[in-house]
Amino acid sequence: MKKIECILRPGKLEEVKEALNQSGVHGMTVMQVMGCGLQKGRKEVYRGTELTINLLPKVKIEIIVKDSQVEEVIALIRQSALTGQIGDGKIFVSSVENAVRIRTGETGDAAL
Ligand SMILES: Nc1ncnc2c1ncn2[C@@H]1O[C@H](COP(=O)(O)OP(=O)(O)OP(=O)(O)O)[C@@H](O)[C@H]1O
Ligand SMILES: [Mg+2]
(Lines give C-alpha, C1' and ligand atoms only; values in the text may rest on other atoms or scores of the structure.)
(Ligands and ions follow the chains in the order given, each with its own letter.)
Protein backbone atom coordinates (compact mmCIF):
# COMPACT_ATOMS: atom_id res chain seq x y z
CA MET A 1 0.00 0.00 0.00
CA LYS A 2 1.05 3.56 -0.62
CA LYS A 3 0.07 6.86 0.90
CA ILE A 4 -0.52 9.62 -1.61
CA GLU A 5 -0.46 13.04 -0.01
CA CYS A 6 -1.36 15.89 -2.28
CA ILE A 7 -1.36 19.58 -1.53
CA LEU A 8 -3.65 21.57 -3.75
CA ARG A 9 -5.21 24.94 -4.34
CA PRO A 10 -8.36 24.98 -2.17
CA GLY A 11 -10.42 25.90 -5.24
CA LYS A 12 -9.45 22.60 -6.89
CA LEU A 13 -10.69 20.35 -4.10
CA GLU A 14 -14.13 19.66 -5.59
CA GLU A 15 -12.73 18.74 -9.00
CA VAL A 16 -10.08 16.45 -7.55
CA LYS A 17 -12.56 14.79 -5.19
CA GLU A 18 -14.92 14.15 -8.09
CA ALA A 19 -12.17 12.66 -10.26
CA LEU A 20 -11.07 10.37 -7.43
CA ASN A 21 -14.61 9.28 -6.73
CA GLN A 22 -15.23 8.40 -10.37
CA SER A 23 -12.12 6.27 -10.47
CA GLY A 24 -13.21 4.18 -7.50
CA VAL A 25 -11.22 5.86 -4.73
CA HIS A 26 -13.58 6.25 -1.81
CA GLY A 27 -11.46 6.66 1.27
CA MET A 28 -9.66 9.93 1.78
CA THR A 29 -8.78 12.42 4.49
CA VAL A 30 -8.89 16.11 3.72
CA MET A 31 -7.21 18.83 5.75
CA GLN A 32 -7.05 22.57 5.52
CA VAL A 33 -3.39 23.53 5.80
CA MET A 34 -1.04 26.44 5.27
CA GLY A 35 2.06 26.11 3.16
CA CYS A 36 4.54 27.50 0.71
CA GLY A 37 6.85 26.14 -1.93
CA LEU A 38 9.68 27.53 -4.03
CA GLN A 39 8.28 31.05 -4.17
CA LYS A 40 7.89 31.23 -0.39
CA GLY A 41 4.23 32.00 -0.83
CA ARG A 42 4.65 34.93 -3.25
CA LYS A 43 2.88 35.24 -6.55
CA GLU A 44 6.10 36.45 -8.19
CA VAL A 45 9.76 35.78 -7.52
CA TYR A 46 11.68 38.85 -6.47
CA ARG A 47 15.31 38.65 -7.50
CA GLY A 48 18.00 39.62 -5.08
CA THR A 49 15.65 40.37 -2.21
CA GLU A 50 15.56 38.19 0.87
CA LEU A 51 11.91 37.65 1.69
CA THR A 52 10.36 36.13 4.72
CA ILE A 53 8.10 33.13 4.27
CA ASN A 54 4.44 33.82 3.57
CA LEU A 55 2.12 30.86 4.14
CA LEU A 56 -0.85 30.43 1.83
CA PRO A 57 -4.01 28.42 2.51
CA LYS A 58 -3.91 25.02 0.81
CA VAL A 59 -5.84 21.79 0.99
CA LYS A 60 -4.15 18.48 1.70
CA ILE A 61 -5.68 15.15 0.70
CA GLU A 62 -4.35 11.88 2.07
CA ILE A 63 -5.29 8.72 0.24
CA ILE A 64 -4.05 5.20 0.96
CA VAL A 65 -4.26 2.99 -2.13
CA LYS A 66 -3.14 -0.39 -3.39
CA ASP A 67 0.27 -0.29 -5.06
CA SER A 68 -1.39 -0.98 -8.41
CA GLN A 69 -3.52 2.20 -8.18
CA VAL A 70 -0.73 4.69 -7.55
CA GLU A 71 0.04 5.77 -11.10
CA GLU A 72 -3.61 6.15 -12.04
CA VAL A 73 -4.40 8.21 -8.97
CA ILE A 74 -1.42 10.50 -9.53
CA ALA A 75 -2.50 11.05 -13.15
CA LEU A 76 -6.06 11.87 -12.08
CA ILE A 77 -4.92 14.33 -9.46
CA ARG A 78 -2.62 16.05 -11.94
CA GLN A 79 -5.32 16.29 -14.58
CA SER A 80 -7.88 17.76 -12.23
CA ALA A 81 -5.57 20.06 -10.22
CA LEU A 82 -3.48 21.53 -13.03
CA THR A 83 -3.74 25.19 -14.03
CA GLY A 84 -0.16 25.53 -15.27
CA GLN A 85 0.53 28.43 -12.89
CA ILE A 86 2.94 28.42 -9.97
CA GLY A 87 1.36 27.05 -6.81
CA ASP A 88 -0.53 24.19 -8.45
CA GLY A 89 0.68 21.96 -5.65
CA LYS A 90 2.58 18.78 -5.06
CA ILE A 91 2.09 15.06 -4.66
CA PHE A 92 4.13 12.94 -2.25
CA VAL A 93 4.08 9.14 -2.25
CA SER A 94 5.27 6.93 0.61
CA SER A 95 4.93 3.32 1.71
CA VAL A 96 2.31 2.17 4.20
CA GLU A 97 2.92 -0.98 6.20
CA ASN A 98 -0.59 -1.93 7.11
CA ALA A 99 -4.20 -0.82 7.41
CA VAL A 100 -6.97 -2.15 9.64
CA ARG A 101 -10.71 -1.67 9.28
CA ILE A 102 -11.77 -1.30 12.88
CA ARG A 103 -15.28 -2.67 12.38
CA THR A 104 -14.28 -5.99 10.82
CA GLY A 105 -10.64 -6.46 11.65
CA GLU A 106 -9.75 -6.76 7.95
CA THR A 107 -6.17 -5.82 7.20
CA GLY A 108 -4.02 -4.77 4.25
CA ASP A 109 -5.64 -4.06 0.86
CA ALA A 110 -8.93 -5.51 2.12
CA ALA A 111 -9.14 -2.76 4.73
CA LEU A 112 -8.97 0.10 2.22
N1 LIG B 1 9.15 20.33 -0.21
C2 LIG B 1 7.93 20.45 0.32
N3 LIG B 1 7.64 19.85 1.48
C4 LIG B 1 6.40 19.94 2.02
N5 LIG B 1 5.39 20.61 1.45
C6 LIG B 1 5.64 21.22 0.29
C7 LIG B 1 6.92 21.18 -0.33
N8 LIG B 1 6.84 21.88 -1.49
C9 LIG B 1 5.58 22.34 -1.56
N10 LIG B 1 4.85 21.95 -0.49
C11 LIG B 1 3.46 22.23 -0.22
O12 LIG B 1 2.79 22.33 -1.48
C13 LIG B 1 2.14 23.58 -1.60
C14 LIG B 1 2.18 24.02 -3.04
O15 LIG B 1 3.50 24.09 -3.46
P16 LIG B 1 3.82 24.72 -4.87
O17 LIG B 1 2.87 24.19 -5.87
O18 LIG B 1 3.92 26.21 -4.76
O19 LIG B 1 5.27 24.07 -5.11
P20 LIG B 1 6.53 24.70 -5.85
O21 LIG B 1 7.65 23.76 -5.63
O22 LIG B 1 6.71 26.12 -5.41
O23 LIG B 1 6.12 24.61 -7.38
P24 LIG B 1 5.62 25.83 -8.33
O25 LIG B 1 6.87 26.46 -8.85
O26 LIG B 1 4.79 25.15 -9.38
O27 LIG B 1 4.81 26.75 -7.49
C28 LIG B 1 2.88 24.48 -0.63
O29 LIG B 1 2.06 25.56 -0.22
C30 LIG B 1 3.22 23.54 0.50
O31 LIG B 1 2.07 23.38 1.33
MG1 LIG C 1 5.22 27.50 -5.61
Side-chain angles (χ1 to χ4, degrees):
M1 288 170 290
K2 301 282 187 205
K3 174 162 72 178
I4 300 174
E5 287 168 285
C6 61
I7 300 152
L8 309 169
R9 299 178 190 279
K12 283 290 189 179
L13 175 62
E14 284 305 313
E15 244 175 284
V16 172
K17 230 172 54 181
E18 203 43 48
L20 289 170
N21 186 33
Q22 278 172 16
S23 78
V25 170
H26 303 302
M28 66 184 77
T29 306
V30 178
M31 287 152 275
Q32 289 180 303
V33 296
M34 303 287 283
C36 67
L38 277 182
Q39 296 82 15
K40 297 185 181 177
R42 309 282 156 177
K43 294 204 170 107
E44 293 163 32
V45 184
Y46 298 83
R47 284 168 188 264
T49 327
E50 201 53 48
L51 286 168
T52 54
I53 283 175
N54 179 39
L55 298 174
L56 297 173
K58 298 281 172 181
V59 159
K60 178 168 157 179
I61 310 180
E62 260 184 37
I63 314 155
I64 316 299
V65 296
K66 297 180 202 172
D67 290 1
S68 60
Q69 292 176 291
V70 172
E71 293 309 319
E72 185 197 349
V73 169
I74 290 174
L76 281 168
I77 293 169
R78 278 206 69 219
Q79 280 160 27
S80 44
L82 184 78
T83 71
Q85 307 297 307
I86 59 169
D88 267 354
K90 231 164 239 188
I91 303 171
F92 299 106
V93 181
S94 50
S95 294
V96 169
E97 279 191 24
N98 203 359
V100 180
R101 174 171 285 113
I102 291 176
R103 176 173 58 86
T104 58
E106 291 162 286
T107 58
D109 286 358
L112 301 180

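Indexing begins at 1, ligand by ligand and atom by atom, following the structure's order. Quick note: residue numbers are just sequence positions, from 1.
- Each of Ile7, Gly35, Cys36, Gly37, Leu38, Gln39, Lys58, Ile86, Gly87, Asp88, Gly89, Lys90, Phe92 has a non-hydrogen atom positioned under 4.0 Å from some atom of ligand 1.
- Remark: the backbone N or O of Lys17 is not paired with any side-chain donor or acceptor of Asn21 at under 3.5 angstrom.
- Between the side chains of Ser95 and Lys2, a donor-acceptor pair is found at a separation under 3.5 Å.
- Glu15 places no side-chain N or O within 3.5 Å of a backbone atom of Lys12 that could act as its donor or acceptor partner.
- Side-chain contact check for Glu106 and Thr104: at least one donor-acceptor pair (N or O, by modelled atom type) lies under 3.5 Å.
- Separating the CD1 atom in Ile77 from the CD1 atom in Ile7 is a distance of 11.0 Å, to the nearest 0.5 Å.
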Full working for side-chain contact (heavy atoms from CB on, under 4.5 Å) between Val16 and Val59: CA-CA 11 Å; Val16 172; Val59 159; over 6 Å; no
